[in-house]
Amino acid sequence: GIRTTAMLAADESCLDSSELEHAARCYDMINIKLDKAGGLTEALYLARAALELDLELMVGNMSGTSLSMAPSFVIAQLCEIADLDGPLLLSSDRIPGLVYEGETLARIPKELWG
């Protein structure tokens with residue numbers, strides 16, 4: 001067989017915790033997207049369950065505004081990789097929005113939460 005050091009990540013193959021058991025047999029990493037997981041509570045459950053199975057984590061997004069992206073920052077604290085660039089892909093974002101410095105999410109303005 002072919003040997004590789006490449007890590008395989010489940011993206012659309014593991015949307016929520018109901019798909020984790022199967023994904024854990026096929027992948028090294030789970031890409032968690034709050035939009036597809038069903039929200040922050042399920043995403044946290046999925047993240048903790050995946051970590052218990054020694055899987056690595058990534059948090060991704062579906063090109064939402066800063067307000068929809070901000071809860072993903074909670075999941076990002078558990079992840080090896082955070083892809084939270086959704087607001088940068090929009091023609092306009094809400095104000096105030098997330099603050100980016102190059103490739104880094106610099107801060108979440110307290111006004112973002114209302």
Side-chain angles (χ1 to χ4, degrees):
I2 297 173
R3 292 186 178 253
T4 179
T5 57
M7 182 173 283
L8 296 177
D11 191 352
E12 307 302 323
S13 301
C14 185
L15 304 181
D16 58 40
S17 60
S18 71
E19 299 175 330
L20 180 60
E21 184 179 327
H22 175 73
R25 292 191 300 268
C26 303
Y27 298 96
D28 307 301
M29 176 181 276
I30 305 296
N31 183 4
I32 300 173
K33 296 178 180 174
L34 272 68
D35 304 53
K36 294 194 175 192
L40 182 57
T41 301
E42 173 62 17
L44 282 168
Y45 181 80
L46 174 58
R48 290 190 176 114
L51 290 172
E52 286 179 15
L53 295 173
D54 292 324
L55 294 167
E56 295 202 29
L57 298 177
M58 172 180 177
V59 63
N61 66 86
M62 299 299 297
S63 300
T65 66
S66 288
L67 188 58
S68 70
M69 202 64 46
S72 297
F73 189 75
V74 174
I75 299 295
Q77 306 312 300
L78 303 171
C79 297
E80 297 293 318
I81 300 170
D83 176 17
L84 302 178
D85 62 352
L88 298 175
L89 304 173
L90 302 175
S91 60
S92 64
D93 190 15
R94 70 180 318 279
I95 298 174
L98 296 174
V99 177
Y100 294 87
E101 293 176 0
E103 296 179 358
T104 302
L105 178 58
R107 62 182 175 86
I108 298 176
K110 63 181 180 179
E111 300 83 15
L112 180 65
W113 301 106

Among the clusters formed by ILVMFWY side chains lying less than 4.5 Å apart, do [X] and [Y] turn up in the same one?
| X | Y | value |
| --- | --- | --- |
| Leu112 | Leu90 | no |
| Leu8 | Leu55 | no |
| Leu15 | Val59 | no |
| Leu98 | Leu40 | yes |
| Leu88 | Leu34 | yes |

For [X], is the [atom1] atom crowded, meaning more than 12 foreign heavy atoms sit under 6.0 Å from it?
| X | atom1 | value |
| --- | --- | --- |
| Glu103 | CD | no |
| Glu101 | CD | no |
| Tyr45 | OH | no |

About how many Å separate [atom2] of [Y] and [atom1] of [X], when rounded to the nearest 0.5 Å?
| X | Y | atom1 | atom2 | result |
| --- | --- | --- | --- | --- |
| Lys33 | Asp83 | NZ | CG | 8.0 Å |
| Ser66 | Leu105 | OG | CG | 8.5 Å |
| Ile30 | Ser13 | CD1 | OG | 8.5 Å |
| Leu44 | Leu78 | CG | CG | 7.0 Å |
| Cys79 | Leu84 | SG | CG | 8.5 Å |
| Arg94 | Leu67 | CZ | CG | 5.0 Å |

Determine yes or no for a side-chain-to-main-chain donor-acceptor pair under 3.5 angstrom, with Arg48 supplying the side chain and Ala50 the backbone.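 No, because the side chain of Arg48 does not come within donor-acceptor range (under 3.5 Å) of the backbone of Ala50.
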
Heavy-atom closest contact ([X] atom, [Y] atom, distance):
| X | Y | value |
| --- | --- | --- |
| Gly86 | Asn61 | CA-OD1, 3.2 Å |
| Asn31 | Gly60 | OD1-N, 3.1 Å |
| Leu57 | Leu51 | CD1-CG, 3.7 Å |
| Tyr27 | Ala9 | CD2-C, 3.5 Å |
| Thr65 | Pro87 | C-CG, 3.8 Å |

Between Glu42 and Lys36, is the side chain to side chain contact (heavy atoms under 4.5 Å, CB included) condition met? List the steps. CA-CA 10 Å; Glu42 173 62 17; Lys36 294 194 175 192; over 6 Å; no

Residue pairs involving residues 19-29 (criterion salt bridge (charged side-chain N to carboxylate O under 4.0 Å, His left out); sequence neighbours excluded): Glu21-Arg25

